[in-house]
Protein chains: 2
Amino acid sequence: MTYADLMSEPKRRNKAATRSALLEAARRRFTEHGYDGTGVRDIAADAGVDATLIFRYFGSKQALFAEAVRVEVPEGLGRGRRSDPAALVDALLREVVFTDRPEPGAEHPLFVMLRSAGRPEVRAQLREQVCGEYLAEFTGRLQGADAELRAELIGALLVGIGLMRSVIDSPALSEASFEQTRGLVAAMVAALHEAAPH
Amino acid sequence: MTYADLMSEPKRRNKAATRSALLEAARRRFTEHGYDGTGVRDIAADAGVDATLIFRYFGSKQALFAEAVRVEVPEGLGRGRRSDPAALVDALLREVVFTDRPEPGAEHPLFVMLRSAGRPEVRAQLREQVCGEYLAEFTGRLQGADAELRAELIGALLVGIGLMRSVIDSPALSEASFEQTRGLVAAMVAALHEAAPH
DNA sequence: TCGTAAAGTCAACAGTTGATGACTTATGCT
DNA sequence: AGCATAAGTCATCAACTGTTGACTTTACGA
């Protein structure tokens, strides 16, 4: 894509195009090799430009990472603001956990960050997104004494599944389809609701 | 500890002692800063010796990491070879997931690896330990068509909880005690058993 | 067509990285 | 006491890191 783009039109100068080429190359590299395993020269080479443009356009490698990996929380998460928590889980499982197989670059940014979680700044960004955006959705929809704890357990399950597939690459979960998994996950989440409020 | 050790007995040459001092320093550093965030000179300085000894005694930084972070699967995991899967989950939750708070260095190696999962070799080691040693325990105790998938879902839940506490540092799960959590986790796992074999 | 501002490149720096080989110092046996 | 061997150290390498400023080339409006 980047290749073809730059080959068809030999060397057309275009700031916006270069910027997004850099961004896409960064996403791929970071996804595959993590933050520390990726050098600015690698990214620039993939994008077909000079490495110094990274600093021109983004300021620093860290800032490029942050922007490359930033993700907006999906708008209509569980189809409607006050929907069933179970529907929300199902939607999240489908849309974020099971949207990471096909090719690197299509993997969800959450797990890209997970793979680069050695850096404190990356951890901070990860915490902000997971807690501030995703978990909040659950806490709002749950009721009872330990709603927050139960919300985080759901989050842990989802993140754990993604982790098993994305970084550990465990056999069964990696091969399993969304349809095979959703029923089991739903059962686990349902049990959490039915558990007596202590 | 390392400090006092070497200060009390000014400079006693002892290969075994130096080796394990290096190993302990490595564990602490890797735990806190991850693989890439830790240099061999940092480790050696903490251990109070020269960095070149790392290569003398371990061969390479990677080999030191592998040895520092290697963990033997706890012997009597669920108290007895053929025990209830629920008891196994409870034991694992207590012994590996909830044994990571107090101080760095006491954190479970599994999560140290998780935080350094950018490196492919670390991922390989992680997969080997999780799949080969821990998950096998579950698969053996479960029955039904999709035993393996259900085993990995249990693993995902446990790993996810550990991750929430260890790298994401989510509020509720990080503060929660083992006693507060075990009941909810047990309920989720039980639901998995009762789910019809498809 | 020409000139100017933007887009892209080059060379280089200062620091760090893992790793090696030759060197020095202490230890323990005879 | 003296010597061989092991334990520890020093200087150094070569590669790579993110980042910077000055330089060259292209695009585009006048």
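Sequence lines set the chain letters: A, B, ... in the order given, protein chains first and strands last, and positions in each chain run from 1.
- For B/Y57, a side-chain nitrogen or oxygen approaches OP1 or OP2 of D/dG8 to under 4.0 Å.
- For the pair A/F111/A/V167, no side-chain contact is recorded, criterion being any heavy-atom separation below 4.5 Å from C-beta on.
- Between A/R12 and the phosphate of D/dC28, there is a side-chain N or O to OP1/OP2 separation shorter than 4.0 Å.
- Between the P atom of D/dT20 and the CD1 atom of A/I54 lies a distance of 13 Å, rounded to the nearest Å.
- Applying the side chain to side chain donor-acceptor pair (under 3.5 Å) criterion to B/S170, with sequence neighbours excluded, gives A/E152.
- For the pair B/K15 NZ and D/dG8 P, the interatomic distance rounds to 9 Å; values are reported in whole Å.
- B/L53 has its CG atom 6 Å from the P atom of D/dG8, to the nearest Å.
- In this view, A/A186 satisfies the side chain to side chain contact (heavy atoms under 4.5 Å, CB included) rule with no residue, not counting sequence neighbours.
- Across the protein-nucleic acid pair, B/F58 atom CZ and D/dA7 atom C1' stand 14 Å apart, rounded to whole Å.
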Can you give the donor-acceptor pairs under 3.5 Å from side chains of residues 57-66 of chain A to other protein atoms, not counting sequence neighbours?
unit_1	atom_1	unit_2	atom_2	d
A/S60	OG	A/A63	N	3.1
A/K61	NZ	A/Y35	O	3.0
A/K61	NZ	A/T38	O	2.8

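- The CG-P distance, from A/L22 to D/dG18, rounds to 13 Å in whole Å.
- Take B/R127 and apply the side chain to side chain contact (heavy atoms under 4.5 Å, CB included) test, not counting sequence neighbours, and it matches A/I168, A/D169, B/A124, B/C131.
- For the pair A/N14 CG and D/dT25 C1', the computed distance is 16 Å after rounding to whole Å.
- Residues satisfying the side chain to side chain donor-acceptor pair (under 3.5 Å) criterion with A/E67, sequence neighbours excluded, are A/R19.
- Taking a cutoff of 4.0 Å between a charged side-chain nitrogen and a carboxylate oxygen, A/D46 and A/R28 do not qualify as a salt bridge.
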Protein proximity profile, nucleotides 18-25 of chain C - base contact B, sugar-phosphate-only contact S, no contact -, cut-off 4.0 Å on heavy atoms: BBBBB--B
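- Between the axis at the start and the axis at the end of the helix from C/dT1-D/dA30 to C/dC13-D/dG18 there is an angle of 10°, using five pairs per end and rounding to 10 degrees.
- Shown here are the side chain to side chain contact (heavy atoms under 4.5 Å, CB included) partners of B/D50, two or more places apart in sequence or in another chain: B/T52.
- Residues forming a side chain to side chain contact (heavy atoms under 4.5 Å, CB included) with B/R182 (at least two apart in sequence, or on another chain): B/D90, B/L93, B/R94, B/F178.
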